[in-house]
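For reference, the structure is listed below as structure tokens.
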Amino acid sequence: MTWNVPENPALEGLEAKWSARWKADDTYAYHLAPRADTFSIDTPPPTVSGALHVGHVFSYTHTDTVARFQRMRGKHVLYPMGWDDNGLPTERRVQNYYGVRCDPTLAYAPDFVPPDKPDAKHPVSVSRRNFIELCLKLTSIDEQTFEDLWRTIGLSVDWSRLYSTISPQAQTVAQRAFLRNAARGEAYMSEAPTLWDVTFQTAVAQAELEDRNYAGFYHRIAFHKPDGSPIYIETTRPELIPSVCALIAHPDDERYKPLFGTTVTSPLFGTEIPVLAHPKAEPDKGAGIAMCCTFGDLTDVTWWRELSLPTRTIVQRDGRLARETPDWLPNSAPYAEMAGKTPFSAREAIVGMLRESGDLDGEPTPTMRKANFYDKGDKPLEIVASRQWYITNGGRDEALRARLIERGEELQWVPDYMRHRYTNWVEGLNGDWLISRQRFFGVPFPVWYRLDGDGQPDYDNPIFASEQALPVDPMAETPPGFDEAERGRPGGFTADPDVMDTWATSSLSPLIVCGWESDPELFAAAFPMDLDPHAHEIIRTWLFSRVVRSHLEFDCLPWHTAAISGFVVDRISHEKWSKSKGNAIVPDEILAKFGSDAVRWRAAMARPGTDSPFDETQMKVGRRLAMKLLNASKFVLGLGGPQPPSAVTEPVDAAMLDALKGVVAAATQAFEAFEYTTALEVTEAFFWTFCDDYLELVKERAYGTRGAGGGASAQAALQQALSIQLRLFAPFLPFVTEEVWSWWQSPTQGSIHLASWPSLGEFEGDGDGSMLDGVGAALERLRGVKSEAKASMKTALSAVAISAPADTLEQLKSVEADLKAVANITGDIAWSSSDELTVTAHVDL
RNA sequence: GGGCGCAUAGCUCAGUUGGUUAGAGCGCCUCCCUUACAAGGAGGAGGUCGGCGGUUCGAGCCCGUCUGCGCCCACCA
């Protein structure tokens, strides 16, 4: 039998060739199996409206190596993929891409066509339904691009299980879970001060906050005591003076103690406000006394709540100051200068007035302050009072918080220290999870409200959809017992207009992919899942939110193990990549330049949890390895036909296999602990030695030049070693290993990725792996002699003398013929015993 | 301010429960077209393991402390 070994093997084209084959053959399909035989992975659904960068490629490759290992070990691997396509990022992309804006008051236009030349500054208004149609259209395009990339890098996902967070299936899960949360009191509606993005005009959750530096000015401003004398505060937001409710200092602050319980008046407006004490006031900050407004920051909310202060809101949901003059201002005239302005303009106006009135002490001094931003927004968040849906997450319930912290302890973390980020986050929660968004492209709340005789909604008694009716769009469907004609009429009903935050859906990904309430057999086989893999930045969001949902619904963790990837960081600064810095690298170019196996190799060299600098020069090392595999395989398979393992008779051949046995044990152990890097390292280290030393050593004998028996022994050992090494490399280099496998094994055995992971039971005989160390050292010395003489490696050596410790000496003598062949030694070798290995020889130039 | 991590060769990183002379790859230098491989191969140079103190017969590793860097969280008057 001959093998189909190409004359000039190449890496080019392997991605296209094999990804197409795997797709056609459903190589990675999950087939239902008992729980113990299933390995289920909760793949993070990437946001399709964003661009994938090299960091994503690395992180997803880490998961793929584990998936492939488990599959080869005989597990049925449930490795799904999802697209996170609902939510604000998609809306924003659609607005820019098509030049449209959603106006929910408009009627649906069935024939609407987006403008040829989108003008983001003058967007076309479209109905909610038209807008959602455009979102679906664009996401389907984006998703194809994502799938192409994942197939190119060789992710072994079961594409038949693809889901998206806007799909009816995901909407059903999200609405059902919400209904159950609501029925148990875990989801509730509340009117409260809410972090608010003025650009997108929606509430945002604590987990989506990001603090950024924000340039501002300290203004030292006088309030007035009853006797007219000034008391100074410092603020960066003087435009909020109309909404001031109190001045607050620390209870122990001697400077202000005499003022507690008295009132002062605000500058310009003359509002009478109390001076109060609260421990959260910090004496060494600013003037030591703070002006509490509704609302400037989260501390204001605390004071407002705990000190029962009045609500004096002036910043509206569009981010501008109220156009109507507030009714609580005794002297309302100055407000006219600020009405309807942005905070920035209002600030300029009031500073001018304060300067004129003499209440501004000195000039404003520049400062860099931190401000809260929505992670997708570019204006600082405001705080407005609004009615929103929340899910309990321990933020206001110590018992639940303690239980959720315990969940984090239960979870196996790889690496272990990542658990601290979870604990840190849960301990720092300051409120429940706000899940409603005042947006359009998302999962609607399956809720309606009765309207009273005045047309006012009855929020205390929401009408919930039934689980059988899901998914439901309350804007298009009517609640049980009502008629569409009653929508919006007094005595009728109205739909909840909001959608759920995208995390409220993606927090249910284990339920979506495991067929919760829709495929009980699958659910029993796959849940709780085995592996939760992702990078560390979404521990506080995705990881935590899934723990919350699973804890509330099932009283268990959604998976046993969380494997956390690090980031790919900037090569020079070692800082993380970010959109604003624009330093992220797109994967397409390097994939084209080095090939998927090379990029995967580099990814696998980044250990769990560890950030790694992006360095393109590293990629070529992976490429060289892939190329070496092709060439070494070509050599081994070109020597002759199949040899049975029993043909291995030479001690050095058995020794090589014994050393490889140790590699299999080490790689397996590493993979079981999700330490894919170690598995790769031990495999690769062996492979290079295998090529440089063993393969060179036995080359002549393998040709059969010194007899059939010795030749067969070498060939059998080489073939077995190749088979095992290909399988050890398969999780990392799926393309090149599949290519080589196809030359000899797959015609009868199928894909290498469905072959079995090497086991210790495959090894026959008993060699002594340590023998290779002595042989390698001797080879190095022999080459060194030639290298020092600046001679070619094929130059002959004569008068060779080798001395070595006794046991090494015996080993070397047993491979004398091989040594003489590889080093081109003429005459006999003079052996002698000594403590240290030494080699002398004459170079026959 | 709280937490986590890192600091070993010019660069990127290994270094098992403390045990001879601290390793690998890249880069660099020298050599070699050798019938698997020149997008290759061989050989070599290069490190007082961030500083200080301690434990120990012995510390890159353990303890304390300081410095620098990165990340997470909090604060943002």
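Within every chain, numbering begins at 1; the chains are lettered A, B, ... in the order of the sequence lines, protein sequences first and strands thereafter. As a basis for the values below, the full set of heavy atoms in this structure was taken, side chains included, without hydrogen atoms, waters or symmetry mates.
For the pair A:L718 CG and B:rA36 P, the interatomic distance rounds to 12 Å; values are reported in whole Å. Going from atom CZ of A:R419 over to atom P of B:rG3 covers 18 Å, rounded to whole Å. One interatomic measurement links the two molecules: CE of A:M368 to P of B:rA77, which rounds to 14 Å at whole-angstrom precision. Rounded to whole Å, the distance from CG on A:L639 to C1' on B:rC37 is 14 Å. As a whole-Å value, the separation of A:L797 CG from B:rC32 P is 16 Å. Nucleotide B:rA7 holds its C1' atom 15 Å from the CG atom of A:D611, rounded to whole Å. Distance, A:K280 NZ to B:rA74 P: 12 Å, rounded to whole Å. Taking atom CG of A:L629 as the reference point, atom P of B:rG40 lies 14 Å away to the nearest angstrom.
Of the candidates B:rA14, B:rA36, B:rC75, the closest approach to any side-chain atom of A:R607 belongs to B:rA14. Of the listed nucleotides (B:rU12, B:rA42, B:rA39), B:rA39 has the atom at the smallest distance from the side chain of A:E12. If you check B:rA42, B:rA36, B:rA74 against the side chain of A:A632, the one that comes closest is B:rA36.
If you check every strand for non-hydrogen atoms under 4.0 Å, A:K794 touches sugar and phosphate atoms only. Heavy atoms of A:N430 sit nowhere under 4.0 angstrom from any nucleic acid atom. If you check every strand for non-hydrogen atoms under 4.0 Å, A:K593 touches nothing. Base engagement by A:N424 is indicated by at least one non-hydrogen atom pair under 4.0 Å involving a base atom. When heavy atoms are screened at a 4.0 angstrom cut-off, A:Y422 is found touching no nucleic acid atom at all. A:E427 comes within 4.0 angstrom of no nucleic acid atom, judged by non-hydrogen atoms across all strands. At the heavy-atom level, A:D211 lies under 4.0 Å from base atoms of the strands shown. If you check every strand for non-hydrogen atoms under 4.0 Å, A:C691 touches a base. Using a 4.0 Å heavy-atom distance criterion, A:M627 is classed as making no nucleic acid contact. Counting non-hydrogen atoms under 4.0 angstrom, A:T610 reaches nothing in the nucleic acid. Nucleic acid contact class of A:R783 (heavy atoms, under 4.0 Å, all strands): sugar-phosphate only. A:T299 comes within 4.0 angstrom of sugar-phosphate atoms only, judged by non-hydrogen atoms across all strands, and of no base. A:R237 comes within contact range of no nucleotide atom at all, as no heavy-atom separation falls under 4.0 Å. Using a 4.0 Å heavy-atom cutoff across all strands shown, A:E696 reaches at least one base atom of the nucleic acid.
Across all strands shown, B:rC75 remains unpaired; no Watson-Crick or G-U wobble contact has both distances below 3.5 Å. Across the strands present, B:rG64 finds its partner in B:rC52; the criterion is a Watson-Crick or G-U wobble pair with both atom distances under 3.5 angstrom. Nucleotide B:rG43 forms a pair with B:rC29, judged by Watson-Crick or G-U wobble geometry with both contacts under 3.5 Å. Pair assignment for B:rG19 gives B:rC57, based on Watson-Crick or G-U wobble hydrogen-bonding distances that are each under 3.5 Å. In this structure, B:rC69 forms a base pair with B:rG5, meeting either the Watson-Crick or the G-U wobble geometry with both donor-acceptor distances under 3.5 Å. Under the Watson-Crick or G-U wobble criterion, with both distances below 3.5 Å, B:rU12 is paired with B:rA24.
Mapping A:A281 and A:F567 onto RNA chain B via the closest heavy atom, the residue that lands nearer the 5' end is A:F567.
The separation of B:rC52 from B:rC13, taken at their P atoms, amounts to 25 Å, rounded to a whole angstrom. With P as the reference atom, B:rG18 and B:rG60 are 13 Å apart, rounded to whole Å. Taking atom P in both B:rG15 and B:rA24, the straight-line distance is 15 Å, to the nearest Å. As rounded to the nearest Å, B:rC6 and B:rC63 have P atoms that lie 12 Å from one another. Taking atom P on both nucleotides, B:rG25 is separated from B:rG64 by 36 Å, rounded to a whole Å. Annotation: B:rG5 and B:rG44 have their P atoms spaced 39 Å apart (nearest Å). A distance of about 45 Å separates the C1' atoms of B:rC4 and B:rA42, rounded to the whole Å. Here the separation of B:rG41 from B:rA36, taken at their P atoms, is 14 Å to the nearest Å.
Between A:H62 and A:Y676, the two ring planes are parallel [angle under 30°; tilted spans 30° to 60°]. A perpendicular orientation is assigned to the rings of A:W425 and A:F544, their planes being inclined by more than 60° (bins at 30° and 60°).
A side-chain N or O of A:Q643 and one of A:Q715 form a donor-acceptor pair less than 3.5 Å apart.
Taking 4.0 angstrom as the limit, A:Y703 places a side-chain polar atom (N or O) nearer than this to OP1 or OP2 of B:rA36. Look at A:R421 and you won't find any side-chain N or O under 4.0 angstrom from OP1 or OP2 of B:rC71.
Using a 4.5 Å heavy-atom cutoff, the side chains of A:H219 and A:D359 are not in contact. In this structure the side chain of A:F217 never reaches within 4.5 angstrom of the side chain of A:T365, judged on heavy atoms.
Nearest heavy-atom pair, A:A714 versus A:V698, reported as atom, atom and distance to 0.1 Å: CB-CB, 4.2 Å. Across A:A371 and A:P380, no two heavy atoms sit closer than the pair CB-CB, 4.3 Å.
A:Y694 pairs by the ring pair (Phe, Tyr, Trp, His ring centres under 6.0 Å) definition with A:F690, not counting sequence neighbours.
The pair A:R623-A:E616 fails the salt-bridge criterion, with no side-chain N (NZ, NE, NH1 or NH2) lying under 4.0 Å from an Asp/Glu carboxylate O. Looking at A:K628 and A:E684, no side-chain N of the basic residue comes within less than 4.0 Å of a carboxylate O on the acidic one, giving no salt bridge.
Checked against a 6.0 Å centroid threshold, the rings of A:Y256 and A:Y232 do not count as neighbours.
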*Let me have a per-nucleotide readout for nucleotides 19-30 of chain B, 5' to 3', with B, S or -, counting only protein heavy atoms under 4.0 Å.*
------BSS--S
